[in-house]
2 protein chains.
Amino acid sequence: MAVSYAEMQQESPGIFTEACPSRTVLDHVTSKWGILVLLSLTDGTRRWGELRRSVDGISEKMLATTLRTLAADGIVERTSYPEVPPRVEYSLTPLGVELMERVMPLMTWIQANAEEIVSR
Amino acid sequence: MAVSYAEMQQESPGIFTEACPSRTVLDHVTSKWGILVLLSLTDGTRRWGELRRSVDGISEKMLATTLRTLAADGIVERTSYPEVPPRVEYSLTPLGVELMERVMPLMTWIQANAEEIVSR
DNA sequence: CTGCATCCTCTCGGATACTG
DNA sequence: CAGTATCCGAGAGGATGCAG
């Protein structure tokens with residue numbers, strides 16, 4: 001696997017240029033709320049209300065927008081049950097699970113080092 | 001290492017709440033240009049102009065802002081040489097190297113899967 | 001309960017011009 | 001070459017109200 005930008009470019013010269021699809025995916029995943037929503041879903045399937053409560057500070061609008069984007073990307077799956085009252089569940093797709101396997105090491109590193117970094 | 005949000009919370013209950021330092025670091029790293037600048041620096045030390053050219057689409061203002069933030073966080077090191085014309089070099093600090101070791105798997109995954117995701 | 005619609009604010013970020 | 005200063009617009013994102 002590539003461990004530097006140079007290697008990635010060798011394999012794929014136009015990587016992460018403005019028009020490159022990679023840039024789009026990167027923007028979605030690293031959007032203000034994207035990672036936090038995905039992080040919450042690593043616990044497993046969650047309902048709308050659970051997500052709203054578990055992602056501290058997110059507004060309903062942003063939760064909806066973020067979920068729609070990630071669902072369209074095939075990273076999150078949305079399942080709605082035709083009940084009264086309505087119930088909707090969200091979970092990671094296999095693609096999403098793969099993605100989060102790469103993200104978790106980053107998150108645990110940030111968790112471990114944030115204090116030191118911010119205190120500078 | 002924690003592989004789910006639940007595990008992270010068990011270790012550190014307030015993790016990724018709005019006021020948590022982790023949120024700040026996450027925001028810096030996943031800012032619009034943060035990862036791309038850091039990615040470019042995985043090739044090694046780079047000068048201002050090289051960075052500007054290598055990160056496609058970034059403006060001078062955003063490059064300056066991003067570099068200042070990352071330097072303040074201790075992730076990037078800025079070295080200026082008192083010459084004429086001026087020369088300034090940027091590189092990853094040991095902390096930055098650690099960080100990028102966690103980010104690179106994510107970037108290569110995105111590189112590999114972006115086409116499929118965007119084409120949906 | 002699960003959202004969408006609307007309105008509104010404010011920050012991010014682009015363009016341009018200028019300096020040491 | 002390596003930035004800073006200023007202005008300005010678009011769009012991200014918040015608050016509220018309402019619908020299925």
Side-chain angles (χ1 to χ4, degrees), chain A residues 16-19 23-41 44-73 76-91, chain B residues 16-20 23-41 43-73 76-91:
Chain A
F16 295 114
T17 53
E18 276 202 277
R23 194 69 86 79
T24 307
V25 175
L26 185 65
D27 282 347
H28 290 179
V29 173
T30 66
S31 67
K32 181 170 179 59
W33 300 106
I35 286 197
L36 294 172
V37 168
L38 291 172
L39 181 62
S40 177
L41 289 174
T45 298
R46 285 209 144 146
R47 300 186 55 172
W48 165 274
E50 291 177 310
L51 279 172
R52 178 150 171 48
R53 282 187 299 277
S54 75
V55 181
D56 189 44
I58 197 170
S59 68
E60 292 186 347
K61 176 182 173 180
M62 280 301 101
L63 179 55
T65 304
T66 303
L67 283 171
R68 246 185 288 121
T69 302
L70 295 175
D73 287 345
V76 162
E77 184 179 36
R78 177 186 190 276
T79 312
S80 97
Y81 299 87
E83 305 171 350
V84 178
R87 177 165 61 101
V88 182
E89 293 185 344
Y90 295 89
S91 61
Chain B
F16 293 114
T17 53
E18 278 203 274
C20 180
R23 195 69 85 80
T24 306
V25 175
L26 185 64
D27 284 345
H28 291 179
V29 172
T30 65
S31 68
K32 182 170 179 60
W33 299 107
I35 285 196
L36 293 172
V37 169
L38 291 172
L39 181 62
S40 177
L41 288 174
D43 287 347
T45 298
R46 286 209 144 145
R47 300 183 56 169
W48 165 274
E50 291 177 309
L51 278 172
R52 177 149 172 50
R53 280 186 300 276
S54 75
V55 181
D56 188 44
I58 196 170
S59 67
E60 292 186 347
K61 175 184 173 179
M62 281 301 101
L63 179 56
T65 304
T66 303
L67 283 172
R68 248 185 286 119
T69 302
L70 295 174
D73 287 345
V76 162
E77 186 179 36
R78 178 186 189 277
T79 312
S80 98
Y81 299 86
E83 305 171 352
V84 177
R87 179 165 59 102
V88 182
E89 294 185 342
Y90 295 89
S91 61

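To find a chain, count down the sequence lines: A is the first, B the second, and so on, and within it residues start at 1.
Here B:R78 reaches the OP1 or OP2 of D:dG3: one of its side-chain N or O atoms lies under 4.0 Å away. An OP1 or OP2 oxygen of C:dT2 is reached within less than 4.0 angstrom by no side-chain nitrogen or oxygen of A:R87.
At the heavy-atom level, B:Y90 lies under 4.0 Å from the strands shown only through sugar-phosphate atoms. Counting non-hydrogen atoms under 4.0 angstrom, A:R52 reaches nothing in the nucleic acid.
Regarding B:W48, its CH2 atom lies at a distance of 6 Å from the C1' atom of D:dG3, rounded to whole Å. B:H28 places its NE2 atom 10 Å from the P atom of C:dC12, with the value rounded to the nearest Å. Atom pair B:R46:CZ and D:dG3:C1' shows a separation of 19 Å (rounding to whole Å applied).
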Full working for side-chain contact (heavy atoms from CB on, under 4.5 Å) between A:V37 and A:I58: CA-CA 9 Å; A:V37 168; A:I58 197 170; 4.1 Å; yes
Open item on the list: Walk me through whether A:V25 and A:D73 qualify under side-chain contact (heavy atoms from CB on, under 4.5 Å).
Closed with: CA-CA 8 Å; A:V25 175; A:D73 287 345; 5.7 Å; no
What verdict does the side-chain contact (heavy atoms from CB on, under 4.5 Å) test give for B:L70 and B:L38, after you've listed the backbone C-alpha separation in whole Å, the side-chain angles of each residue and the deciding distance to 0.1 Å? CA-CA 9 Å; B:L70 295 174; B:L38 291 172; 3.8 Å; yes
Exercise for review: Give the C-alpha distance, both sets of side-chain angles, the deciding distance and a yes or no for side-chain contact (heavy atoms from CB on, under 4.5 Å) between A:L41 and A:L51.
Suggested key: CA-CA 8 Å; A:L41 289 174; A:L51 279 172; 3.9 Å; yes
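Judged by distance alone, the side chain of A:R78 and the main-chain N or O of A:Y90 form no donor-acceptor pair under 3.5 Å. Judged by distance alone, with hydrogens and angles left aside, the side-chain atoms of B:T66 form no donor-acceptor pair with the main-chain N or O of B:L63 at under 3.5 Å. A donor-acceptor pair under 3.5 Å is absent between the side-chain atoms of A:R47 and the main chain of A:E89, judged by distance alone.
Distance from the side chain of A:P86 is smallest to D:dG20 among C:dG20, C:dG3, D:dG20. With D:dC1, D:dA2, C:dG3 as the choices, the nucleotide that has an atom nearest any side-chain atom of B:P85 turns out to be D:dC1.
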Set out, line by line, the N/O atom pairs under 3.5 Å between protein and nucleotides 10-14 of chain D.
residue: D:dG13; atom: N7; partner: A:K61; partner atom: NZ; Å: 2.8
residue: D:dG13; atom: O6; partner: A:K61; partner atom: NZ; Å: 3.1
residue: D:dG14; atom: OP2; partner: A:S59; partner atom: OG; Å: 3.1
residue: D:dG14; atom: O6; partner: A:K61; partner atom: NZ; Å: 2.6

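Residues from residues 64-72 of chain B lying near DNA chain D, meaning a heavy-atom separation below 4.0 Å, are B:A64, B:R68 in numerical order.
Side-chain contact between A:W33 and A:T65 is absent, with no heavy-atom pair separated by less than 4.5 Å.
Separating the CZ atom in B:R52 from the CE atom in B:M62 is a distance of 12.0 Å, to the nearest 0.5 Å.
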